[in-house]
Amino acid sequence: YLKNFLVENLGDMTFAEAQKASGLHINIAVAPYDASQDARIMNAYTSPDLLVWSAALASCAVPILFPPVRLTSKRYDGEYTPYMAATHWVDGSVRSDFPQEKMARLYNINYTIASQVNPHIVPFMQDEVSRFRKDMLSWPERIIRRQGKVITKGLMDFARERAGNVPPVRRLLDHGYGVVDQLYYGNVNIVGNHSLRHYSYMLQNPRPYLFKILQREGERATWPKISLIEIHARVGKTIQHCLELLNYQNAPDQQHAEYIAI
């Protein structure tokens, strides 16, 4: 059902075709089911012939809840072909939910907006006020969070050493370690209201009415962040304008110097 939903809404387009049609850079993080390999970012540069709906389907394949899937690419003649047929793929959030470093190297990005909806992460997310508190009243919570992460990683390391001979258990522990060891915060963090009712949505098919409900909740969570994003965008555009103006002013001097050198 999810596959049909994605095909209907995303169409039969590859990453290269989607970028050409929209002018936007689409990036989807997926991870090989074999935890010995690193997660990958699928886009028009790394996998131009990969179908977007196929990568989105793999990105929704949360381990345990959904089975791993195979990726599908499209040849020049429009025929579907397997993408790395021997590899199964799962949700990239198990090891690289928010790949800031990779995206920064690929697109020269220094400002990130994180829209966090993963059910296993949202309950532990903090707002900006709580996250940057420095008063003594915030110390107990900060200590518990920091030491809890260290202890959890240590326990998983210990369990991985003892259960290394059981592949399913070792794979599950590897995925769990990847979830705990990641950074989930960006410069701007959008986290919607959540309750136990939202967890029931995980077990439902993406019906149109449910899609509209979640879209409306996402819009409400994004609205308070619009002014912050707008201000930063204006600062970035102003700096870019100043750099272009300086380059334009220095261009005649550089041409004159090259003429003298010749």
Side-chain angles (χ1 to χ4, degrees), residues 1-10 27-33 35 39 52-69 88-100 112-131 141-142 144-149 151-153 155-156 159 168-169 171-186 188-225:
Y1 190 98
L2 177 59
K3 177 182 176 181
N4 295 334
F5 178 84
L6 292 172
V7 173
E8 180 181 353
N9 286 271
L10 299 178
N27 296 266
I28 299 179
V30 297
Y33 186 58
V52 177
W53 65 258
S54 175
L57 183 65
S59 182
C60 295
V62 180
I64 301 177
L65 295 180
F66 298 99
V69 301
H88 289 74
W89 305 82
V90 296
D91 183 9
S93 64
V94 296
R95 264 168 286 161
S96 183
D97 179 66
F98 196 48
Q100 298 185 51
T112 54
I113 302 172
S115 175
Q116 188 56 256
V117 295
N118 276 329
H120 57 285
I121 301 300
V122 168
F124 303 99
M125 294 286 288
Q126 293 179 292
D127 56 27
E128 276 70 13
V129 176
S130 302
R131 186 176 166 214
E141 182 181 359
R142 294 169 67 89
I144 291 173
R145 282 179 172 271
R146 184 173 300 177
Q147 295 304 316
K149 183 175 181 179
I151 293 173
T152 302
K153 290 169 61 177
L155 291 174
M156 287 188 175
V169 177
R171 189 179 296 112
L172 181 63
L173 291 171
D174 287 339
H175 291 330
Y177 188 91
V179 170
V180 175
D181 193 40
Q182 294 182 54
L183 177 66
Y184 293 94
Y185 290 97
V188 177
N189 301 283
I190 302 173
V191 182
N193 295 328
H194 59 278
S195 62
L196 294 177
R197 175 174 56 88
H198 290 79
Y199 285 88
S200 65
Y201 295 156
M202 297 173 56
L203 305 178
Q204 300 181 30
N205 287 323
R207 303 291 183 180
Y209 79 92
L210 180 59
F211 186 83
K212 292 181 179 179
I213 291 175
L214 297 178
Q215 184 180 29
R216 190 181 309 115
E217 292 183 359
E219 292 172 352
R220 290 173 178 171
T222 306
W223 179 251
K225 309 287 185 177

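None of the values given here were measured: they were computed from a predicted structure.
Annotation for Ala61 and Phe66: closest pair CA-CB, 3.9 Å, computed over non-hydrogen atoms. The two residues Asn193 and Glu217 make their nearest non-hydrogen contact at O-OE1, 4.5 Å. Scanning both residues, Gly186 and Ala114, for their nearest heavy atoms gives N-CB, 4.0 Å. When all heavy atoms are compared, the tightest approach of Ala29 to Ser59 is O-OG, 3.7 Å. Between Ala31 and Asp91 the shortest heavy-atom distance is CB-O, 4.0 Å. Scanning all heavy atoms of the two residues, the minimum distance from Ile190 to Ile113 falls at CD1-CG2, 4.0 Å.
Here the straight-line distance linking atom OH of Tyr199 with atom NE2 of His194 works out to 6.0 Å at 0.5 Å rounding. Rounded to the nearest 0.5 angstrom, Thr112 OG1 and Asn189 CG are separated by 7.5 Å.
In this view, Ala56 and Leu6, Leu10, Ile28 satisfy the side-chain contact (heavy atoms from CB on, under 4.5 Å) rule, not counting sequence neighbours. Residues passing the salt bridge (Lys or Arg N to Asp or Glu O under 4.0 Å) test with Lys3, sequence neighbours excluded: none. With sequence neighbours left out, the side chain to side chain donor-acceptor pair (under 3.5 Å) criterion links Ser195 to His198. Gln215 is linked by a side-chain contact (heavy atoms from CB on, under 4.5 Å) to Phe211, Glu219, counting only residues two or more places apart in sequence or in another chain. With sequence neighbours excluded, the residues that form a side-chain contact (heavy atoms from CB on, under 4.5 Å) with Arg207 are Tyr1, Asn205, Tyr209.
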